[in-house]
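Here is the structure we will look at, set down as structure tokens.
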There are 2 protein chains.
Amino acid sequence: MKKITIGEAARQSGVKVPTVRYYESIGLLAAPSRSEGNQRSFEPADISRLAFIRHARELGFEIDAIRTLLTLQDDPHQSCASADAIAKARLVEVEQRIRSLMALKAELEIMVEGCGHGRVDQCRVIEVLADHGQCMHPHH
Amino acid sequence: MKKITIGEAARQSGVKVPTVRYYESIGLLAAPSRSEGNQRSFEPADISRLAFIRHARELGFEIDAIRTLLTLQDDPHQSCASADAIAKARLVEVEQRIRSLMALKAELEIMVEGCGHGRVDQCRVIEVLADHGQCMHPHH
DNA sequence: CCTACATCCTCTAGCGACTAGAGGTGCAAG
DNA sequence: CTTGCACCTCTAGTCGCTAGAGGATGTAGG
């Protein structure tokens, strides 16, 4: 059993060193054993767990949701209904966010296209910001 | 000249009362004059400014970008090149974010569709999270 | 004029999810 | 043995607000 340092764990999982310590501090990752000199010594399982967390974070899951997903992973005999519900909720969020960003994109495009590159008093960017009534889409 | 209270300013601009005070504290809004009893008394121009800020925030501009946009608005004889650049940068960001969210949506859909609603050890949600190699899209 | 009540004031602390930095210790190579 | 990197703990900062305490002011009704 070779010891995995925090740096090594970070490299292999793609989670930064301070973030690994942070995850430990909030109880997302069990505190690993320590070397003689008080340095953390991780197991391969910890690296998988970190990679799991990282992937879930990249998908935009909140720490609390990840906490739930991890307890599910820890006990594979449970029903996966909660995992399913969490993922579905996230999907709805993402779809909502995409729709809102599309509307936003449209508005930004109007602003940018309308800019005559002259002085501010003819600039559509400033004008549209100042007067919401000029928006095409009632997205907000 | 009737006095506009902070509550009235908030109502008219759509910015919440504590947020108005916050904007004043960070210098985004000039400190208004005060009544005898030390209460803020806003001008109509302040309300336009607040509405401008609100709209820009809704479009996802950061406070620092808004600060720049506001100085441009304050001096309409400047070139609008910076406003244009800020809006364009924001547009690029938004487009990038949309692309990444679309990839993410696809991945979440695979997870959710693959869930057989059985036990966790057969659940695609947990499985995909644990193994990034199963992602279809190399978006992250 | 008095009372009730909404609204205002300042100040501090908290949110999420880290990130940065200070000040110190451990460890492997040259 | 010394250099230099990686590690340790701890605190404080980031962003853009938001919540709450504890008190002052303004207004409408009786």
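Every chain is numbered from 1 and lettered A, B, ... according to where its sequence line falls, protein lines coming before strand lines.
Nucleotide dA17(C) holds its P atom 17 Å from the CZ atom of Arg54(A), rounded to whole Å. One atom, CG of Asp64(B), and another, C1' of dG16(D), lie 12 Å apart when rounded to the nearest Å.
Residues Ile6(B) and Gln39(B) are not in side-chain contact: their nearest non-hydrogen atoms beyond the backbone lie 4.5 Å or more apart.
Between Arg21(A) and the phosphate of dC8(D), there is a side-chain N or O to OP1/OP2 separation shorter than 4.0 Å. Considering only side-chain N and O atoms, Arg11(B) lies nowhere under 4.0 angstrom from the phosphate OP1 or OP2 of dT7(C). For the pair Arg67(B) and dG16(D), the criterion of a side-chain N or O lying under 4.0 Å from OP1 or OP2 is not met.
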Identify the pairs formed between an N or O of the protein and an N or O of nucleotides 22-29 of chain D at a distance under 3.5 Å, and give each distance.
unit_1, atom_1, unit_2, atom_2, d
dG26(D), OP1, Gly37(B), N, 3.2

Protein and nucleotides 17-20 of chain D: nitrogen or oxygen contacts under 3.5 angstrom:
unit_1, atom_1, unit_2, atom_2, d
dC17(D), OP2, Tyr23(B), OH, 2.8
dC17(D), OP2, Arg57(B), NE, 2.8
dT18(D), OP1, Lys16(B), NZ, 3.4
dT18(D), OP2, Thr19(B), OG1, 3.2

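Salt bridge status for Glu24(A) with Arg21(A): absent, with no side-chain N to carboxylate O gap under 4.0 Å. A salt bridge between Glu109(B) and Lys105(B) is present, with a side-chain N of the basic residue lying under 4.0 Å from a carboxylate O of the acidic one. Under a 4.0 Å N-O distance rule, the pair Arg49(B)/Asp46(B) does not qualify as a salt bridge.
Summarising the geometry of Ser13(B) relative to Ile47(B), their closest heavy-atom pair is CB-O, 4.0 Å, with the distance given to 0.1 Å.
For the atom pair Ile66(B) CD1 and His55(B) NE2, the distance stands at 11.0 Å (nearest 0.5 Å).
For CZ of Arg97(B), the number of neighbouring non-hydrogen atoms (other residues, nucleotides, ligands) closer than 6.0 Å is 12 at most.
In this structure, Arg40(A) reaches the sugar-phosphate backbone alone: every heavy-atom distance under 4.0 Å involves primed, P, OP1 or OP2 atoms, never a base.
If you chain together hydrophobic residues whose side chains sit under 4.5 Å apart, Leu108(B) and Val92(A) never meet in one group.
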